[in-house]
Visitor: 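Below are the structure tokens for one structure; questions will follow.
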Amino acid sequence: MMHPFIPLGRGHLKAENMNVRLGERPHRAVMAYLDVPQAGGAPPRIVPLQDEVLIGRECTQDLQAPTRRDPAVLQAWQEVAGRGQTAMQADAAALAAQEQFVGIAEHTVSRQHARIRRRGTTYLIEDLHSVNGTFVSGERLPPGTLHPLRDGDELGLSNVLLVFHSLLPQSQEPPPALITGSLDATRFTRQDALPGKPSVSATAKASATQLQGTVRKLHAMAQVGIALGAVTDRATLIEKIMKFIFELFPLADRAFILFLKPQDGGRVGKSGTGGSAALPLVPLVPDAACRRDGAPIDPGTIRLSRTIAREVLENRQAILSVDTLADRHYAQQESIVAQTIRSVMCVPLLLEDECLGLIQVDTASDPDAFQEQDLEMLTGVCAEAAVTLKNFQLYSDIERLLDGFVRASVQAIEERDPVTAGHSFRVADYVGRLAQAVDRADSGALRDVAFSRDQLREIRYAALLHDFGKVGVREHVLRKEKKLHHAELRLLELRFEAARAGIACQAYRQLVEDHALQALGHADFCGRKHRIEAVLEEEFLRLETFLASVRTANEPAISHAACGATCGLDGLRDYRYPAGGVQPAMLPLLEPFEFSALNVSKGCLTPDERRQIESHVADSYAFLILIPWTRDLAGVPAIAHGHHEKLDGSGYPRGLRGPEISMQTRMLTICDIFDALTASDRPYKKAVPLEEALDLMRGECTAGHIDPVLFEVFAQSHAWSAAGSAAGGAA
């Protein structure tokens, strides 16, 4: 039965007037209608339905302003109002210019209560999150879901009852599920909700199909758990997740993994829990994206629906939409249309109350590619993956913490000796490049040598911490610039002045005593005086020569050959000078410890001071073994312990020989010696030019102290230079 009027509110507008005057819209065929009972004084009526209709409370003054903002709608309102209709009727007609609207004059009905729309031969109703709910045949509809309608269904809107009648032929098959299904993803992350073995009673009640689905899901989850638990790096984990997705969902075309990039350390919390309902959606960073055939997808081209993302991230909902192009929620999303997504599953990566990101699986061909059991399975996979990803994230945090601690410790130690600051960091850079060059070597004894990522980290930490034991070396020894400390040299110079004064005093005392005993005449006195002065001048010149020899000998040498002879100190060793007084004592000009220090043939340290410095190796090892290193870093103490060992056994502290010294330690030794030679000018030595340093190190190879094969790789790859090392690798 057709009614000639479309009743809106309490007035009646002729259908032909609506078609002509409100935008001249063509008349569309009526496919169904609603029986609307008497409400709020309005008579019963029949409302024809076309493709879509909005049902809500009859328009009041609070709807006029927003409705009339659109110029086209304002024109429609003015036309109706100009014919003498009431403001409410004009508003209703204006709203109908945008879409078909059924107004019910009942205060318990929400302003936008429900929506009915047609899909093919089926009408579906959706509750628009109304206050008092929408009921179909006595059953309340979940808000946001679409429910198929059949001829004769009773629709309850609050306390208003409507009857739906369809004029379309009814399909014998149940209507397809159009809407986005969802489930609470947090239940997969709770301890009390983990999947377990079904009870006997549950098994008895379940159908064969349900049991098969459960077994399949449990088997898949077990396989995922086993595989992800064995992964040792993040890249492999992402690759395995992608592989499992395409194995579990044969109809999936694409898969994306996106991670949250927290802002100011914030988290995305669940709406309504005080988490982030008022916060903007944090950026999503694509981590992996590929197609079923393995073809990668440029992360820059990924366009994710913000509607889906917010629902997934903020509300912790796993989303399933089986036909996004027909779904009102997503059909207008530019990202959905642009990527021709027909069916999509989007699931958050949850770990307790923290959301790490999301995984989206979609297809562009089949609108019914995924079912609810697929959504549950993907949610379980995401729960497993989130735990593993969080473990990797925590492991990465621990790595950064350890690296920061090591760097801070090294910097604190090197600040005790500013002139050597940066040594450990440079050695770590050199040994890292040398290890990469050794990896690239394809001939000789190094052909089969390859360092893993963990081994490279191990070598780097050993290089950074190889001198940590210097924290126990006394500062005046650690900072010693010359063979004699500054105060010791100054005392020696004062002793030379005292010697001059003592020698002169003794000579003139002897002249006075001779004059008193012999009553020397003027001529004899003057003659003796001139002879004494000549002797004194000669002796003073000798002392000047001795002092110059001391100053020369005080300069450290970088090698035994550079020092040469003892610079004439043997004559000074037995030199005595008279102290002042009536009975002057003869004192040594050079103390034994000073003579020993000045005769050091290499460097500036005395044997005792050298023992103190050399003790830093044992102290470093004693410190490093106290750290509970993980298995992949367990070799750090041993590598650092041997960096002063020599292949011929003449090194320290243990006197190890060739095969007893690991390759990592040999590499560290080469880099340590190179930096000690070429580092910038220091008070106790000048920087050695590059070619001279390499020649000195070749001499060490000839002497059997360092590994000649590794040294040649070091020299050829220019491991001391980042640019040179890269160029050597390219060659």
Side-chain angles (χ1 to χ4, degrees), residues 416-420 473-516 528-560 562-613 681-686:
R416 298 186 67 225
D417 186 10
V419 297
T420 62
V473 179
R474 290 180 296 174
E475 198 160 312
H476 77 278
V477 175
L478 191 63
R479 294 192 177 190
K480 191 176 184 182
E481 302 175 359
K482 310 289 184 180
K483 294 180 182 180
L484 294 176
H485 293 286
H486 178 74
E488 293 173 340
L489 180 61
R490 182 56 185 154
L491 287 174
L492 182 55
E493 290 173 342
L494 292 175
R495 202 177 302 139
F496 271 85
E497 294 180 8
R500 293 189 192 95
I503 293 171
C505 181
Q506 186 183 44
Y508 286 118
R509 181 188 294 277
Q510 186 64 43
L511 177 61
V512 172
E513 289 179 353
D514 289 347
H515 178 67
R528 289 193 181 190
K529 178 176 177 294
H530 288 310
R531 287 193 297 272
I532 289 173
E533 288 175 348
V535 172
L536 288 177
E537 183 177 356
E538 182 180 351
E539 192 63 22
F540 289 167
L541 181 60
R542 184 185 178 197
L543 287 176
E544 285 295 333
T545 302
F546 280 152
L547 183 57
S549 298
V550 167
R551 287 172 175 159
T552 301
N554 193 43
E555 295 297 324
I558 63 172
S559 67
H560 297 283
C563 181
T566 56
C567 306
L569 295 181
D570 288 338
L572 184 59
R573 183 176 187 178
D574 298 326
Y575 191 93
R576 297 290 188 273
Y577 71 93
V582 179
Q583 297 293 331
M586 300 302 292
L587 301 177
L589 188 59
L590 198 62
E591 295 290 343
F593 82 90
E594 295 169 338
F595 180 82
S596 175
L598 292 171
N599 273 276
V600 171
S601 60
K602 183 179 180 181
C604 62
L605 299 176
T606 66
D608 179 64
E609 291 169 338
R610 184 161 295 280
R611 281 191 294 271
Q612 293 183 48
I613 289 291
D681 290 350
R682 298 175 182 176
Y684 55 85
K685 79 170 188 69
K686 295 292 184 181

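What's counted below: heavy atoms across the whole structure, side chains too, no hydrogens, waters or symmetry copies.
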Visitor: Looking at residues at least two apart in the chain, or sitting in another chain, which of them share a salt bridge (charged side-chain N to carboxylate O under 4.0 Å, His left out) with E497?
Guide: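 With neighbours one apart ignored, the set is empty.
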Visitor: Mind checking whether Y577 and R495 have side chains closer than 4.5 Å, heavy atoms only?
Guide: yes
Visitor: Measure the CZ-CD distance between F496 and E544 for me, rounded to the nearest 0.5 Å.
Guide: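 Here the rounded value is 8.5 Å.
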Visitor: Between E538 and R542, does a salt bridge (Lys or Arg N to Asp or Glu O under 4.0 Å) hold up when you go through it step by step?
Guide: CA-CA 6 Å; E538 182 180 351; R542 184 185 178 197; over 6 Å; no
Visitor: Can a salt bridge be assigned to the pair R551 and E493 using a cut-off of 4.0 Å between side-chain N and carboxylate O?
Guide: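 Answer for the salt bridge query: yes.
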Visitor: Does a side-chain heavy-atom distance below 4.5 Å link L536 with Y508?
Guide: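 In contact.
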Visitor: Identify, with sequence neighbours excluded, every residue that meets side-chain contact (heavy atoms from CB on, under 4.5 Å) alongside F593.
Guide: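 side-chain contact (heavy atoms from CB on, under 4.5 Å) list for F593, sorted by chain: E488, E591.
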Visitor: Under the rule for ring pair (Phe, Tyr, Trp, His ring centres under 6.0 Å), what residues qualify as partners of Y575, not counting sequence neighbours?
Guide: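 Expected list: F546.
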Visitor: Under the rule for ring pair (Phe, Tyr, Trp, His ring centres under 6.0 Å), what residues qualify as partners of H486, not counting sequence neighbours?
Guide: none
Visitor: Judged by atom type as modelled, is there a donor-acceptor pair below 3.5 Å linking the side chain of K482 to the main-chain atoms of C604?
Guide: no
Visitor: Please report the interatomic distance CD(E594) to CG(N599), rounded to the nearest 0.5 Å.
Guide: 12.0 Å
Visitor: Who are the side-chain contact (heavy atoms from CB on, under 4.5 Å) partners of E609, not counting sequence neighbours?
Guide: V477, K480, H485, L605, T606
Visitor: Applying side-chain contact (heavy atoms from CB on, under 4.5 Å), can you list everything that pairs with P592, at least two apart in sequence or on another chain?
Guide: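 Expected list: none.
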Visitor: Side-chain contact, heavy-atom cut-off 4.5 Å: R576 with L589?
Guide: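 No, their side chains stay 4.5 Å or more apart.
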